[in-house]
Undergrad: 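This is the structure I have questions about; it appears just below.
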Amino acid sequence: MNVNVFMERENKKIMVELDEFSSLKDLLNELKINPVTVIATRNDELIPENEKLKDYDEIKIMPVISGG
Amino acid sequence: MLNCCNEKPIIQLTAGESLCKKHFIEYFENKVFRTITKFGLIGKQENLGIALSGGKDSLTLLKILKKLSDKNKKIRLAAIAINEGIENYRDKTLEAAKSFCEKNNVPLHIYSYEEEFGMPLDNMLKVLDVKPCTICGIFRRYLLNKKSRELGFTKIATGHNLDDEVQSILMNQFKSNIRASARLGPKVGIKDAKTTSGTNSVGNRNFVQRIKPLYLCTEKEVATYAFLNNLIDNYLECPNVSKSYRAQVRDTLNEFEAKFPGTKYAIVNSFLQVLPDLKERFKGEEANCCKECGESASKDKCNACRFAERLEKAKLAKAPITSQLS
């Protein structure tokens with residue numbers, strides 16, 4: 001399946017191909033992003049790492065690290 | 001997987017439980033209130049200053065303490081912000097700070113490096129050969145303390161979270177600086193070791209007690225709370241932070257936390273067990289007063305005055321001066 005991903009800090013949109021029944025954690029692994037360092041939404045609603053994704057989901061990834 | 005209820009989960013906690021929006025907000029706020037009670041951070045009557053940067057941590061802190069203050073009129077709140085002068089960063093986060101304070105009727109006092117030290121941080125870094133976070137941290141703590149005392153604050157609450165604390169503990173270990181660790185904990189200072197809540201019990205009369213109500217909240221929990229409450233206006237990171245030692249420790253810790261969940265809690269919990277002994281051991285070394293400005297100092301002259309002197313010399317010479325403090 002394919003999911004659309006918007007990376008907030010990089011201001012970048014990409015499409016990622018994943019196995020069926022993949023979770024948010026699988027997506028983050030694919031993107032080499034440490035799940036500890038981000039929060040993510042689907043349709044503007046926060047989702048946990050174990051949430052299963054669906055074909056053509058719109059996922060937004062935001063860094064938790066900000067400030068100095 | 002353990003869910004809190006039938007509502008859709010939005011976060012999985014380190015312990016494995018998944019929480020919906022309503023239960024996460026309850027969990028988070030209760031954790032902050034429990035931290036305040038457990039460590040005696042706020043007394044029955046306070047004139048609290050909130051160190052506000054406009055980032056997620058300090059806005060989250062202000063939102064929760066405002067709830068506390070609304071329930072208890074003897075706890076008065078005001079925010080204090082320091083504009084270091086970092087272009088395309090602090091100017092933007094301060095807009096978020098101003099906007100929040102206006103909407104929530106919280107007085108906001110802003111001070112700047114430019115007014116207090118003659119130039120913004122960006123320019124200081126052009127004339128002094130020094131690590132940005134070193135000079136920035138020293139000047140910021142100096143101004144926060146001095147201005148808070150002038151404003152009559154009984155305590156300063158800062159947005160330091162569990163991740164910040166764990167990073168500091170490890171940085172001090174890696175650099176063999178146990179004396180600095182003795183000043184850590186939910187209440188900043190050394191002489192506070194064997195006392196109970198409520199009073200400013202740190203030895204130096206010029207020192208305004210700093211407290212960390214978000215002490216047991218992870219950075220991810222704070223970001224989640226801030227997102228759910230529309231407190232995140234931007235995702236800016238200080239442009240100087242990537243150069244810092246702290247950033248490298250932070251990244252290593254996050255890799256470890258991903259492999260071994262609960263690592264950060266374990267570090268803070270074990271640190272809290274030895275902290276009273278550390279504070280007791282170093283209590284004789286509590287801050288003196290700077291002979292120049294009267295602020296807290298570990299030597300005759302505080303680091304802020306030493307840097308300010310170097311800055312003056314550099315301005316006169318208009319040439320880079322290598323700092324002995326960095």
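Letters A, B, ... are given to chains in the order of the sequence lines, protein chains preceding strands, and every chain is numbered from 1.
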Undergrad: Kindly write out the residues that satisfy side-chain hydrogen bond (donor to acceptor under 3.5 Å, both in side chains) with A:E58, not counting sequence neighbours, or none if the list is empty.
TA: A:N4

Undergrad: Distance check, rounded to the nearest 0.5 Å: B:D163 atom CG versus A:I65 atom CD1?
TA: 8.0 Å

Undergrad: Please check if the number of heavy atoms outside B:E26 that lie under 6.0 Å from its CD is greater than 12.
TA: yes

Undergrad: Does anything in residues 36-45 of chain A get under 4.5 Å of chain B by heavy atoms, and if so which residues?
TA: A:V36, A:T37, A:V38, A:I39, A:T41, A:D44, A:E45

Undergrad: Do you know the tightest heavy-atom contact between B:K220 and A:P35?
TA: NZ-O, 2.6 Å

Undergrad: Salt bridge between A:E51 and B:K8, side-chain N to carboxylate O under 4.0 Å?
TA: no

Undergrad: What residues form a ring pair (Phe, Tyr, Trp, His ring centres under 6.0 Å) with B:Y111, not counting sequence neighbours?
TA: none

Undergrad: Once rounded to the nearest 0.5 Å, what's the spacing between atom CD1 of B:I11 and atom CD of A:E49?
TA: 8.5 Å

Undergrad: Can you list the residues of residues 252-262 of chain B that sit under 4.5 Å from chain A, counting heavy atoms only?
TA: B:N254, B:E255, B:E257, B:A258

Undergrad: Is chain A contacted by the side chain of B:T224, its backbone, both, or neither, given a heavy-atom distance below 4.5 Å?
TA: both

Undergrad: Does a sphere of radius 6.0 Å around NZ in B:K31 hold more than 12 heavy atoms from other residues, nucleotides or ligands, not counting ones at 6.0 Å or beyond?
TA: yes

Undergrad: Taking all heavy atoms of A:P48 and all of B:P9, pick out the closest pair and write down the distance.
TA: CD-O, 3.3 Å

Undergrad: Report, as yes or no, whether the 6.0 Å neighbourhood of atom CG on A:D19 holds more than 12 heavy atoms from other residues, nucleotides or ligands.
TA: no

Undergrad: Got more than 12 heavy atoms from elsewhere within 6.0 Å of CD, A:E20?
TA: no

Undergrad: Nearest 0.5 Å, what's the CG-NZ distance between A:L46 and B:K21?
TA: 9.0 Å

